[in-house]
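Reviewing the structure listed below.
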Protein chains: 2
Amino acid sequence: MDQVEDSADKGGAGADEGEPTHSRIDTGTLGKAIAVLDIVASADQPMRFTDILALSDQPRGTLHRQLSNLVEEGLLSLGRDHSYSVGIRLLKFAARAWAGNQFRVIAEPHLRALHDLTGETVHLGVLRGNEVIYLDKVESRQAVRMYSQIGNASPVYCTGVGKAGLSALPDADLRTVVATIKFRRFTDSTLTTPDALLKEIEVIRASGNAYDREEHEPGIRCVAAPIYSADRSFVGGLSVTGPAYRISMELLESWAVLVRNAAGAIMDDMGARLGPRT
Amino acid sequence: MDQVEDSADKGGAGADEGEPTHSRIDTGTLGKAIAVLDIVASADQPMRFTDILALSDQPRGTLHRQLSNLVEEGLLSLGRDHSYSVGIRLLKFAARAWAGNQFRVIAEPHLRALHDLTGETVHLGVLRGNEVIYLDKVESRQAVRMYSQIGNASPVYCTGVGKAGLSALPDADLRTVVATIKFRRFTDSTLTTPDALLKEIEVIRASGNAYDREEHEPGIRCVAAPIYSADRSFVGGLSVTGPAYRISMELLESWAVLVRNAAGAIMDDMGARLGPRT
DNA sequence: AAATGTAGTTCCATTATACGGAATTTGATT
DNA sequence: AATCAAATTCCGTATAATGGAACTACATTT
């Protein structure tokens, strides 16, 4: 009952995942099956066989068997209109992943404390390739639905948690990850080039805080700070987010130290609970 | 963008899953890998290699490779103390599964309406083997944490939604599922024999409502009603749950018709949105 | 209603991949 | 430092995945 997440890299097949850090080991049949699962999961509508065939590089017969196996296992669901979507068995697995995640458990009280201090929404996330996956969220008005953010994968280059995480990576890994990013402009402020991003990472490294200046969603800004293990095999971050009309950049900047402190406290607790060194 | 879940059966390896309905197709390498994943997910603590080896029927070398592949894919996470736990990549998949689940989307407004009428917590779940997996939850006081129930797998035989779902199964499937149940006594009221359960199913079929009379958790009772597709390839249910000290059985019974109506309305919407017949 | 085209599914000889017993390394324990 | 147990790697063999082609079912058109 002590471990956080290790680096765990994986390149999505059709989509836009990254392969950071190490060399990439062949996962054979399983890898191909999960790549197919990822294609379906990355689409925002149920896909028909031919759609998947176009994104996959598998021949018809092979793909069909892979899909059938995934359906049989409950990882995919096949509708009567022959459309595939992600299966509910994954909910069961995810519920366990969430409840058992030590990083999340350790961080939780600190997220609450930070929320109490600022009154705004607090997010916790980890880096996975060139995406950040949100592990937890604390907010007052429970307007937004449950899975709204938890489990959601967002780009690293235009989120506070993402950029904070990147700033904690060793240069080699950072470059590897950045190379896999397919930049897309979400708002006027979105950084859209590797250079602009790397330049900003330098600033974040110096200050210890990352900002999202309405780069992902218009009207939404946040301050974030990185959280990482000593050997950087695990990298994540936390952030305080709010609407631009209520949260000025000045106010946000006044919270920066609180966010850094919370991140520090979480890392201290991790060190204490997970034993010293790698 | 129209399909619900198909029956999707799968027998867990070490644990206690069932294999209902159809014959069971071989899923080869993928199936073995997911069985290993299921072992880890079914434990409530991170497991070490030897622990998994004992529950798996794979030889050492094979199991080790399967675990390595799962870790490489991000489906498992390997701690520095050599313990395996479920990986956060599954959160991403689950978030998609949840957001894209048409059954849940269709049911949601009806859950809210039922909550408004009763003031108590409303649950939505689907049958998977001999377990019910909760897909959604509506409650007023947001005291309980997000994943607290969603994605959670509970036994069919001692939950309202579970028994309601069973009552909608064709007899053959019902017997198959019941045969896989490993009865465990949670409270004084828990049904602990196939006969007692089957007898209760008859009552539920006649009345259209299932009750949980503190059978799973002491002090918690609920009324439920089944939801199913015309061909019973999909079976689930919804329920209103409350604490025994506040919710008398009489009050619960007065809600029975509301729950049935909500279930009926959801089935109507499903029929309308998913097209007629199988 | 029959015909045409497209999407989905099955088949099976070939080949690549998973298998698994045994040897090796790692690391904890006294 | 020595001992033991747990985790990991190795590699010849057996099995399961592969993928092109043939087939079936469904939808759309005349």
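Just so we're on the same page: letters track the sequence lines, and every chain starts at 1. Hydrogens, waters and symmetry mates play no part in the numbers below; they use all other heavy atoms, side chains included.
For A/R60, the side chain to side chain contact (heavy atoms under 4.5 Å, CB included) test picks out A/L53, with sequence neighbours left out. Remark: A/D26 pairs with no residue by the salt bridge (charged side-chain N to carboxylate O under 4.0 Å, His left out) rule, at least two apart or across chains. The salt bridge (charged side-chain N to carboxylate O under 4.0 Å, His left out) test applied to B/D171 returns B/R205, not counting sequence neighbours. Remark: A/F186 pairs with A/H216 by the ring-ring contact (aromatic ring centres under 6.0 Å, His included) rule, at least two apart or across chains. With sequence neighbours excluded, no residue forms a ring-ring contact (aromatic ring centres under 6.0 Å, His included) with B/F93. Partners of B/P170 by side chain to side chain contact (heavy atoms under 4.5 Å, CB included), not counting sequence neighbours, listed by chain and number: B/D173, B/R232. Legend: residues meeting side chain to side chain contact (heavy atoms under 4.5 Å, CB included) with A/T50, ordered by chain and number and at least two apart, are absent.
The side-chain heavy atoms of A/H123 and A/L238, taken from C-beta on, include no pair separated by under 4.5 Å.
Taking 4.0 Å as the cut-off between side-chain N and carboxylate O, A/D38 and B/R89 count as a salt-bridged pair.
Counting to the nearest Å, the C1' atom of C/dT9 and the CG atom of A/L63 are 12 Å from each other. As a whole-Å value, the separation of A/L53 CG from C/dG8 P is 9 Å. If you measure from atom NE2 of B/H64 to atom P of C/dA23, you get 18 Å, rounded to the nearest angstrom.
Sorted by first and then second residue, the pairs that involve residues 37-73 of chain A and meet ring-ring contact (aromatic ring centres under 6.0 Å, His included), not counting sequence neighbours, are A/F49-A/H64.
Taken over five-pair windows at either terminus, the axes of the helix from C/dT9-D/dA22 to C/dT30-D/dA1 are inclined to one another by 60° (rounded to 10 degrees).
In terms of phosphate contacts, A/T50 brings a side-chain nitrogen or oxygen within less than 4.0 Å of OP1 or OP2 of C/dG8.
Nucleotides of DNA chain D lying under 4.0 Å from heavy atoms of chain B occupy a range whose first and last members, 5' to 3', are D/dA6 to D/dA17.
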Under 3.5 Å between N/O atoms: give me all the protein pairs with nucleotides 26-30 of chain C, atom names plus distance.
none

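A distance-only check finds a donor-acceptor pair linking the side chain of A/S167 to the backbone of A/A164 [under 3.5 Å].
Taking the six-membered ring wherever Trp is involved, the centroid distance between the rings of B/F234 and B/F103 falls below 6.0 Å.
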Point to revise | Derivation and outcome, side chain to side chain donor-acceptor pair (under 3.5 Å), residues A/T27 and B/E73 | key: CA-CA 7 Å; A/T27 51; B/E73 287 297 331; 2.5 Å; yes
Exercise for review: Mark up nucleotides 15-22 of chain C, 5' to 3', with B wherever a protein heavy atom is under 4.0 angstrom from a base atom, S wherever such an atom reaches only the sugar-phosphate, and - elsewhere.
Suggested key: --SSBBB-
